[in-house]
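Only heavy atoms go into these numbers, but all of them, side chains included; no hydrogens, no water, no symmetry mates. Along the sequence shown, residues carry numbers from 1. Every value quoted in this text rests on a predicted model; they were computed, and no experiment measured them. Counting convention: from 1, in listed order, for ligands and their atoms alike.
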Amino acid sequence: MITIQTGPQPTDLSDVRATNRAVVLRYVRTHSPCSRADIAARTGLNKATVSSLVTELIERRLLRETGLTENRVGRPATMLVLDGEPYAALGMQVDADELVVVAVDLGGNRLLTWRRAFGTLGASPAETVAAVAKLARRAVGRLTAGGRTVLGLTLGVPGLVDITGTVPLAATLNWRDAPVAAELRAALRDPGFPVALENVANLAVLAEQRHGDRAGTANLVHLTGGVGIGAGILVDGRLLRGERGFAGQVGHLPLDPAGPACRCGRRGCLEALVGLPAVVRRLLPDVKSDGAVTDFAPEIERIQALARAEDRSALAGLADLGRHLGHGAAVLADLLNPEAVLVGGHFAALAPWLLPAARTELTRRTLAPDAGGCRLEASTLGAEAAALGGATASLAAVEAGRLPTPTAALG
Ligand SMILES: [Zn+2]
């Protein structure tokens, strides 16, 4: 069975019940509608325990009975599903030019998706946090007005996020040593639900694991494409964080010592080869850098148009970039042996022309036959993958069996 565990797990004996609650919730989430007898038969919990846990979960409105019954030999069984109504989980992400908020219910169904233009590059971390808090308060207001309790908020930022919720470095935003989680909690005035901070690539892979084309996969990498490049890594169903939370910083993998200069001061890093500015420079040499450009959508559209028109130079350039991308994926495949590397951002937008060459390179460079089974595919989650993953992460405490208190609201 696959689990995503993003928080501390129950350890003492009194938490056995929480663990069992988590087992029941997970079973219903993945097999609903199902009966109490199904849960007992398939989880190994005894029927009395299941019955008691289900009663408690119905009281807390985490489960509900559908009113439908399944006829069997003996007596009919009442079917159970997750109760989608009373709760909501929030995820947000900070991009260079906008803020995104996504809310989901307990079953992961989307309740709202809002995007707000915001010039993060021209703002301080504190100003950005204030804007995030303002958008969060509006979302919480909408959800609580609809009678929902907010279970938590997880914010994604493109940079290093340590386990205390501080951002020691977010190079693409020009942030250093920003205590973002503490500032966000303060800006939300102790909202009564947990507020967490996470790297966007980590959140994107959580979204893939729950909502993407490879949902349910235990060994998965999401490679973010943008000005910076990062990897969110699931190993055996768990997010790989490392000692201080900095795992997955693959943007500066040195791939070509003779390659182009990188903003980190070295040469030939993955980011210097296939980061968004490098792609634009390579495919559209007429585009002049006019400072800190944040919105590359027009350039991506021009590149797509050239490729669709089978412009030979553009196709050759994209194949060349694809080979570098495949080289980077091969390093990940050798190191982690994932079932898939899913590429987002501009890699997804240009996937039809990047991925054929990238896949050939991936297979050519990995030691294991057939790249160890690793598939290289475009993410289908779009630009709000990290916010969706944040909402998914905000469900973690309840999914680990903690009972929510159905009162939290922002004043
Ligand atoms: Zn570098």
Side-chain angles (χ1 to χ4, degrees), residues 94-97 120-121 125 156-162 166-178 198-202 204-205 221-233 240-285 287 289-294 296 299-300 317-318 320-336 341-350 354 357-358 361-362 365 376 386:
V94 173
D95 292 332
D97 56 357
T120 310
L121 297 190
V157 296
L160 297 175
V161 176
D162 73 18
T166 293
V167 178
L169 178 67
T172 57
L173 302 180
N174 221 3
W175 290 6
R176 277 179 193 279
D177 299 319
E198 188 60 86
N199 169 275
V200 286
N202 286 354
V205 81
V221 176
H222 178 103
L223 197 60
T224 62
V227 174
I229 296 175
I233 300 164
L240 184 76
R241 294 170 183 283
E243 181 66 19
R244 295 189 183 175
F246 303 151
Q249 298 298 319
V250 299
H252 300 279
L253 277 178
L255 297 187
D256 179 5
C262 182
R263 63 197 164 98
C264 74
R266 296 183 290 249
R267 305 193 75 85
C269 299
L270 179 63
E271 210 167 284
L273 291 165
V274 296
L276 186 44
V279 170
V280 171
R281 265 197 309 275
R282 172 72 190 265
L283 275 296
L284 303 173
V287 172
S289 174
D290 51 0
V293 177
T294 60
F296 284 93
E299 284 80 10
I300 293 289
L318 285 162
D320 201 32
L321 293 164
R323 280 188 283 277
H324 292 307
L325 179 61
H327 186 178
V331 174
L332 294 167
D334 272 339
L335 194 62
L336 302 163
V341 173
L342 302 169
V343 296
H346 69 287
F347 299 139
L350 301 173
L354 289 174
E361 194 72 5
L362 167 65
R365 284 186 178 270
L376 185 56

Checklist line | Set of residues satisfying side-chain hydrogen bond (donor to acceptor under 3.5 Å, both in side chains) with respect to His327, sequence neighbours excluded | finding: Arg365
Next item on the list: Check Asp320, Val279, Leu321 against Leu354 for a side-chain contact (heavy atoms from CB on, under 4.5 Å) and give me the one that passes.
Entry: Leu321
Next item on the list: With the side chain counted from C-beta on, respond yes when Arg267 and Leu255 share a heavy-atom pair under 4.5 Å apart, and no when they do not.
Entry: no
Item checked: Salt bridge flag under 4.0 Å for residues Glu299 and Arg281 -> no
Next item on the list: State the CG-CG distance between Leu325 and Leu273, to the nearest 0.5 angstrom.
Entry: 10.5 Å
Check: Do Leu223 and Leu332 touch side chain to side chain, with heavy atoms closer than 4.5 Å?
Finding: yes
Next item on the list: Take the Zn ion (ligand 1) as the centre and count protein N, O or S atoms at distances under 2.8 Å.
Entry: 4
